[in-house]
Amino acid sequence: MSISYAPAKAILFGEHAVVYGEPAIAIPIHSVETQASFVSYDNSDQNGFKIISPNINMNTSFENIPIEHPLKKLCLLLQDIIQFKHFPEKALVINSTIPIASGLGSSAASSVAVIKAFSEEYNANLTTQGISDIAFEIERIYHGHPSGIDNTVVSYNQPVYFKKGSPFSKIDLHHQLNLIIAYTGIHSKTSDSVEEVRKHFDEYKEFIHDIGLITDEGKSALLDNNIQNLGNLMYKNHMLLQKIDVSCSELDRLVEAAIAHGAVGAKLTGSGRGGNIIALSPSKEKNAEIADALLNAGAKFVLC
Ligand code: PMV
């Protein structure tokens with residue numbers, strides 16, 4: 001049995017603005033992940049294709065999964081693309097340590113891990129771009145009008161500079177970033193916050209453009225490994241996200257706590273109004289102090 005993996009993701013710069021054609025930068029996060037595998041039944045009274053996904057309380061035979069469920073849609077889409085006649089007489093087991101609805105790309109990771117598992121099971125040799133394109137179709141069911149950044153970074157498993165409608169570019173990082181992720185414990189729906197920004201687009205236009213400029217500066221700081229500048233830009237990006245009203249007091253508290261305890265920068269990551277922040281630590285040695293401060297400031301968990 002082989003297991004397929006997909007990482008989580010964090011947006012380093014440019015969330016929301018990316019929906020309007022501004023650039024964004026996202027990176028894979030490996031401390032949490034989704035796994036998918038086809039498991040044969042060891043008991044002869046089990047048969048048919050079923051999906052077991054404890055994170056969403058699913059242990060259901062395929063025919064009993066509602067047709068509108070994104071996982072069902074994904075499997076049917078894959079049947080169409082890979083062109084196999086029957087689903088295997090096996091269980092598709094999906095396990096994930098990525099918190100859902102928190103801006104860490106859990107839906108994209110689930111799709112990518114499942115697509116890879118099917119590709120492996122049927123020797124389909126799907127390309128990485130093929131995997132990303134299929135995951136994008138499912139992201140549209142979860143999120144309405146996604147930019148495509150989540151499926152891209154999770155499929156390629158590499159930092160990406162992404163602009164909707166243009167080919168993305170991979171960013172080769174020569175130094176590891178000491179990023180700390182802290183979770184507010186608040187679930188938020190990407191499509192809701194994207195919709196709220198859309199309603200006020202005329203009012204937010206300038207801020208959205210400024211986020212794009214910061215992303216470009218952030219790309220240079222990343223390539224130069226200028227950690228101080230990178231941190232400053234992350235914080236500036238956070239202040240602009242406050243202006244487009246996608247932050248909240250819990251996120252702001254975590255950002256301020258990280259900076260007060262030595263992070264060179266911090267910002268919310270993903271769609272906001274809950275979910276996570278990312279903080280940039282100046283060195284590995286400083287991670288524990290920043291992580292403690294985040295827990296004291298209300299983080300429900302911290303990933304280093
Ligand atoms: O799904 P999240 O919370 O990781 O947010 C995705 C980033 C947005 O820019 C808010 C939406 C998008 O489609 O790019």
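For reference, positions follow the sequence shown, starting with 1. Small disclaimer: the values here were computed from a predicted structure and weren't measured. Counting starts at 1 for both ligands and their atoms, in listed order.
- Ring geometry for Phe207 versus Tyr204: interplanar angle of 30 to 60°, hence tilted.
- Taking the six-membered ring for Trp, Phe84 and Tyr122 have ring centres closer than 6.0 Å.
- Phe87 and Phe49 have parallel rings, their planes meeting at less than 30° on a 0 to 90° scale where 60° marks the start of perpendicular.
- Residue Ile52 holds its CD1 atom at 4.5 Å from CG of Asn59, rounded to the nearest 0.5 Å.
- Residues Glu121 and Lys90 are paired through a salt bridge, judged by an N-O separation under 4.0 Å between the basic side chain and the carboxylate.
- Among residues two or more places apart in sequence or in another chain, the ring-ring contact (aromatic ring centres under 6.0 Å, His included) test is passed with His145 by none.
- Listed by chain and number, residues touching ligand 1 at under 4.0 Å (heavy atoms only) are Lys9, Ile11, Glu15, His16, Val18, Val19, Gly103, Pro146, Ser147, Ile149, Asp150, Thr190, Val194, Gly270, Ser271.
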